[in-house]
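A quick write-up on the structure given underneath.
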Amino acid sequence: MKKLLWSIVITLLFISSYMVTSPNQIVAQEEGVPSYAKWGKLAMQETKKRYSNAEIIDYLYIGKESQGENSVEKFKLWLKKEDREFGVYIDITFHSETEEVISIEFEETDR
């Protein structure tokens, strides 16, 4: 699990330090970054806000759904708070064309 967490952290650091120097570099970098990376970063940020006393110990991208003009990116994060571990499903609904966030929904699970 730690290996997965580190790879997520490294990916997020790469995305946040994304610098463009030429059109060719843009294409190369976009090909290596998953389309959901932006939404995964947002899911982690919002989860940290909502569960500030818990540590995120695992991350799963579930997938994307289209709902007319909107899209929903789905994630599951596994959290640890003191001696309790639990999962949180996060659905980020946004306008497909503008990428404006409409809602972020959380649902806890013990699995």
Side-chain angles (χ1 to χ4, degrees):
M1 268 195 249
K2 286 186 178 183
K3 199 175 203 181
L4 175 63
L5 185 58
W6 276 112
S7 64
I8 292 167
V9 169
I10 291 168
T11 301
L12 292 175
L13 287 173
F14 172 76
I15 293 167
S16 65
S17 63
Y18 190 82
M19 294 174 32
V20 177
T21 58
S22 73
N24 293 339
Q25 187 178 8
I26 293 171
V27 173
Q29 288 180 346
E30 286 178 353
E31 288 174 2
V33 177
S35 61
Y36 61 84
K38 164 184 175 174
W39 305 110
K41 184 176 179 180
L42 179 61
M44 291 181 71
Q45 288 171 340
E46 293 300 314
T47 301
K48 285 179 185 178
K49 284 183 196 174
R50 187 176 183 114
Y51 300 93
S52 60
N53 294 328
E55 176 186 0
I56 298 171
I57 58 174
D58 204 358
Y59 167 101
L60 174 67
Y61 174 63
I62 297 172
K64 181 177 183 176
E65 292 181 1
S66 294
Q67 298 178 346
E69 293 182 348
N70 299 330
S71 295
V72 181
E73 291 284 6
K74 298 176 167 282
F75 301 89
K76 181 181 180 185
L77 301 182
W78 196 253
L79 307 178
K80 182 174 184 174
K81 182 178 180 180
E82 298 167 1
D83 61 346
R84 177 180 177 233
E85 288 190 18
F86 60 100
V88 178
Y89 288 102
I90 300 101
D91 290 354
I92 302 174
T93 304
F94 60 95
H95 190 275
S96 301
E97 197 172 305
T98 65
E99 296 191 341
E100 179 183 350
V101 175
I102 297 168
S103 67
I104 301 175
E105 297 176 17
F106 298 85
E107 182 181 342
E108 288 186 26
T109 181
D110 59 354
R111 300 174 154 233

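Numbers here simply count residues along the sequence, with the first being 1.
To the nearest 0.5 Å, the span separating CG on Leu77 from CG on Asp58 amounts to 8.5 Å. Atom CD of Glu46 is separated from atom NZ of Lys41 by 12.5 Å, given to the nearest 0.5 angstrom. For the atom pair CG of Asp91 and CD of Glu107, the computed distance is 8.0 Å after rounding to the nearest 0.5 Å. Between the CD1 atom of Ile90 and the OH atom of Tyr59 there is a distance of 9.5 Å, given to the nearest 0.5 Å.
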Atom pairs and distances, donor-acceptor, side-chain atoms in residues 95-102, under 3.5 Å, two or more places apart:
residue	atom	partner	partner atom	Å
His95	ND1	Glu97	N	3.3
His95	ND1	Thr98	N	3.3
His95	ND1	Thr98	OG1	3.4
Ser96	OG	Glu69	O	3.1
Ser96	OG	Ser71	N	3.4
Ser96	OG	Ser71	OG	2.6
Thr98	OG1	Glu100	N	3.3
Glu99	OE1	Lys38	NZ	2.5

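In this structure Arg111 satisfies the side chain to side chain donor-acceptor pair (under 3.5 Å) test with no other residue, sequence neighbours excluded.
Using a 4.5 Å heavy-atom cutoff, the side chains of Thr47 and Met44 are not in contact. For the pair Ile57/Glu85, a side-chain contact is recorded, criterion being any heavy-atom separation below 4.5 Å from C-beta on. For the pair Lys74 and Tyr89, the minimum side-chain heavy-atom distance is 4.5 Å or more.
Of all heavy-atom pairs spanning Phe75 and Trp39, the tightest one is CZ-C, 3.6 Å.
For the pair Lys81 and Glu108, the salt-bridge criterion is not met [side-chain N within less than 4.0 Å of a carboxylate O].
Looking only at atom types and distance, the side chain of Glu73 has a donor-acceptor partner in the side chain of Tyr61 under 3.5 Å away.
Here the options are Thr109, Leu79, Ile56, the test is side chain to side chain contact (heavy atoms under 4.5 Å, CB included), and the partner is Val88; only Leu79 passes.
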